[in-house]
A.B. asks: 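Take a look at the following structure, please.
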Number of protein chains: 2
Amino acid sequence: MGNTPPVGRKVTLSDIAAGCDVSRATVSLVLRGSPLVNKHTRARVEEELLRQGYVYNRAAANLRRRTSSSIALVLNDLANPFFAEFAAGVDEILGNTGFVTLLGSTSESTERELAVLGSLMEHGPAGIILSPAESSDAQQILAAVGSHTPLLLFNREVGGDIAACDHWDRLFLDNQHGARLATEHLIAQGHQRIAFYGGHLSSSSCRQRRAGYTESMQKAGLPVQPNWMVECIPNRLDAVAQCDQLFSGTAAPTAAVCYNDAVALGLMLGLHKRGLQPGRDFALTGFDDIAEAAVSAPPLTTLAVTPRARGRQAAELILQRLQEPSSSPRQTIVPVQLLVRASSCAPHVA
Amino acid sequence: MGNTPPVGRKVTLSDIAAGCDVSRATVSLVLRGSPLVNKHTRARVEEELLRQGYVYNRAAANLRRRTSSSIALVLNDLANPFFAEFAAGVDEILGNTGFVTLLGSTSESTERELAVLGSLMEHGPAGIILSPAESSDAQQILAAVGSHTPLLLFNREVGGDIAACDHWDRLFLDNQHGARLATEHLIAQGHQRIAFYGGHLSSSSCRQRRAGYTESMQKAGLPVQPNWMVECIPNRLDAVAQCDQLFSGTAAPTAAVCYNDAVALGLMLGLHKRGLQPGRDFALTGFDDIAEAAVSAPPLTTLAVTPRARGRQAAELILQRLQEPSSSPRQTIVPVQLLVRASSCAPHVA
DNA sequence: CCTTGCGTTTGGAACGATCCAAATTTACCT
DNA sequence: AGGTAAATTTGGATCGTTCCAAACGCAAGG
C-alpha cells in the first residue's frame, strides 16, 4: 500500500484520489472542507494529502470556476516610503483574505504603466489598485484594463477624458483641506508672508495643495508674491537646490507650506545654508508625516496621512467592490490630520 | 458580418476563431507569432483580436504548458526603504522579462511568513525570492515551499538545519567586511574607544557586522568594553532611547559603528540630547546609505549597498536558475562601499 | 492520373481543478 | 424484509489554452 508520489511532476488531485481509492470529486470536496464527505473518508484523504505533499493548484481551480484570487497593485513609485507603506497595508489585508498581490511598479513612466497593466491583465486579476503616473491618460488606461475589471484609483486623478472612467472607485487624500489646515496654522502663529514650496504642477495632488493654500491666504486677506510659489522635484535634493528662489524677490517670506515632508526637510537644509535656523528664524510645515518628520531637527509640523492605513483601506474598498460589482462608484476622500511640532514657530522678531 | 463580443464573459480564443472562421489552433498559433500561419489568415485573425478586445489568459496557457510566469517575492519588511528599493529593482527586471511579481510581506513574523509562502505556492510561482524574518526556520520554510521551486535567499541566513537547504541560492551583503571598513576608518581617524551600536543579535546581519567590528578592534589591539556593545530595535526611535547605555560605564566611547543608518540617525539625536554634537564631539558611521544619510546634519558616513541594484541582481539570479535548474547552487556575496562623510570626524580634543 | 512534397490548417485530447446530476450506500421506520 | 429518505460518492463534461498527429489544398514531377 501507499504508492510513491510522482517524480518530475507536481502532485495532483488525481494522484491523491488514486492513492486512497476515491474519486477526484471526493478529494476536491475534502480540499474545500465540504460537510458532505464522511469523517473517515476525509481522514484517509487528508493523510494521503500530507503523505504525498500535495499543493493546491489555484490557477486550475480559478480557470474552472471562472474566478480570480489576485489583485493587481500598480504604483508609480514603490521606492517612495509613502507607497511602500501603502503597499504593505494593501498586502496585509489581501493576505488575510486569501488574495495574492500582483505587484507592478511604473517609475512614473506612462509607457511602462500601460505595459505593466497589460501584462498583469493577462493574469486575470479580480481587481486593480492603481496609483497612476503623473501624466497618465484615462483613455489609454481604460483601453489597457477593459471595463470588466474593477479599478480603484489611488492618490491621484488621471488626465484626459475622465468622464469615460467615472465607473472607477477613487481613494484620495484631502489635499486641499490639509494645505488649508497648515496655512491657517501658520497664519494663527502670526505669519503674513507665507510661501508654498515644492512639487510639480503636473500632479493633481500638488494643484490641490496649492489650491488649499491659496484659499486660506485669500480668506485671510493676505497677498501672495509670485516668487513664493516655487516648483521643484518632490525630493530632498532638489528642494535644497531651489531654496534661494524663495528669497529672490523683495519681500522674503517668513514661513512656507511645503508640498511634502521630503521637500520640507530639504528646505530646512537650504535654510541652514543661508544661515537661517528653521523653527526659529523661519517656520515651515510638511505633508505625509514620514518617519523622520518626528525626529528631524527641529521636529517637523506636518499632515499625517497614515499610508499604511490607506493601503488597508484601499484593499478593503476593492474587496467591497468585488462583493457588489454593480453598486454605484464611490469616491472616498480621507481627512488628514495636522501634527504641530517645533518647526512651525511664531515669526522671529529681529 | 462581425458578430458582437460575448456579454457577461471574457473573450476567448474560441470567440476569435468563430469570429473569423478558423480553428482555435490557428488563432493560438497567431497569438504566439508562429511562422506557420499564412500572411492573410494572420491579418484576419489579428483584426478580429482587436475588434473583440481579446485578452490572453496566461493562467490557462500555463496550465496546459505546465509552465509558470510568476516569481514570488517575500519580504520581511516592505515598509523599510531598503526593501522597498529592493522590490522596485526586482520588479524592474521581472517586468521586462514577462514575469509578474507575486508580492508577500511578512512583517518579521515567522507565522505569517509560512502562511504567505503557502498561499503564494498555490499560485505556482516559477521561483521565490525570500528575505526571511529574523527567526525563520530552514525546515519549516522548506516544508512550505517544497524542493521543486528554486529559492533565492536574500540578505539573511535562516536558522535551524541549514544543511537541508543547501540547494538554495544565496545573495548576501558583505556585512562583515563592511563593518571592518567602518571600524578601520574610525581607527585611522585616531579613535580608540569605539562602540558597536544597535541591532538585534538574533539577526544574522547584525552578528556579521559585529564580527567585522570585533575583528578590526582585535587586529588593532584595542579593547572593547561590555557597555560599548548595545543592542536596540533597528529603528530610529529605539536608537534614541538606548543612547545612554553607551555612557553608563567608566570609559565613554568617542565613536560608534552603528548597525545601520536608521540607528545612526537615532543615535545622533540621542547625542544631541546629551549635549554632544555628532561629527564634532562624537564620530559615527551607519550602514545602508539610505536617502537621508547624505543630507542629515552632519551628513552620515556609511556603507552603500545599493538596494535597487541588489533587487535587479536577485531577479537576474533567479532567472538564471530557471535557465539551468540543476547547476550547483550559488552563493553571492556583494561588496559594500564605504562613503566617508562628515559624521566620522577625528576625536575631539577637550 | 497518381504520387510526392510543401505550406497551412485542424480536430481532439490534454493540463488540474470544479460542477452537476445521477448512482450508490447507509440509516431508519413500519 | 421492504420501502423510503438521507448521507455519501462518483463519472463525465467543462474552464481557455496548447500540443500533436493527421488532413487538407495545391503545384510539380513522373
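Not measured: the values here are computed from a predicted model. Numbers restart at 1 for each chain; the letters A, B, ... are given by sequence-line order, proteins then strands. The figures that follow rest on heavy atoms only: side chains count, while hydrogens, waters and symmetry mates do not.
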A.B. asks: Would you check if the side chain of S203(A) reaches a backbone N or O of E134(A) as a donor-acceptor pair within less than 3.5 Å?
C.D. replies: no

A.B. asks: Do L94(B) and L319(B) have side-chain heavy atoms sitting under 4.5 Å apart?
C.D. replies: yes

A.B. asks: What residue pairs, at least two apart or across chains, pass ring pair (Phe, Tyr, Trp, His ring centres under 6.0 Å) with a residue in residues 137-171 of chain A?
C.D. replies: F86(A)-F154(A)

A.B. asks: When you check every protein heavy atom under 4.0 Å of nucleotides 15-23 of chain D, what one-letter string (B, S, -) results, 5' to 3'?
C.D. replies: BBBBB----

A.B. asks: For dT8(D), does either OP1 or OP2 sit under 4.0 Å from a side-chain N or O belonging to T41(A)?
C.D. replies: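 Answer is no, no contact under 4.0 Å.
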
A.B. asks: Give the rounded distance in Å between these two atoms: CD1 of I16(A) and P of dT18(C).
C.D. replies: 13 Å

A.B. asks: Do N57(A) and T12(A) have side chains that approach each other closer than 4.5 Å (heavy atoms only, starting at C-beta)?
C.D. replies: no

A.B. asks: When you compare the side chain of L322(A) with that of F99(A), does any pair of heavy atoms fall below 4.5 Å?
C.D. replies: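 They are in contact (side-chain heavy atoms under 4.5 Å apart), so the answer is yes.
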
A.B. asks: Check the pair R44(A) / E47(A) against salt bridge (Lys or Arg N to Asp or Glu O under 4.0 Å), numbers first and verdict last.
C.D. replies: CA-CA 5 Å; R44(A) 245 173 54 228; E47(A) 190 193 8; over 6 Å; no

A.B. asks: Residues two or more places apart in sequence or in another chain: which of them pass side chain to side chain donor-acceptor pair (under 3.5 Å) with E122(B)?
C.D. replies: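 Partners of E122(B) under the side chain to side chain donor-acceptor pair (under 3.5 Å) test: R58(A).
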
A.B. asks: Rounding to 10 degrees, work out the angle separating the end axes of the helix from dC1(C)-dG30(D) to dT30(C)-dA1(D) (five pairs an end).
C.D. replies: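 For the helix from dC1(C)-dG30(D) to dT30(C)-dA1(D), the axes at either end differ by 70°.
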
A.B. asks: Using the side chain to side chain contact (heavy atoms under 4.5 Å, CB included) rule, take L102(A) and T101(B) through it: C-alpha gap first, then chi angles, then the decisive distance, then the call.
C.D. replies: CA-CA 6 Å; L102(A) 302 180; T101(B) 309; over 6 Å; no

A.B. asks: Report each atom pair, protein N/O against N/O of nucleotides 25-27 of chain C, whose distance is under 3.5 angstrom.
C.D. replies:
none

A.B. asks: Is any side-chain heavy atom of L29(A) less than 4.5 Å from a side-chain heavy atom of R42(A)?
C.D. replies: no

A.B. asks: Applying salt bridge (charged side-chain N to carboxylate O under 4.0 Å, His left out), name anything that partners R310(A), two or more places apart in sequence or on another chain.
C.D. replies: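 Listed in chain order: nothing, the list is empty.
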
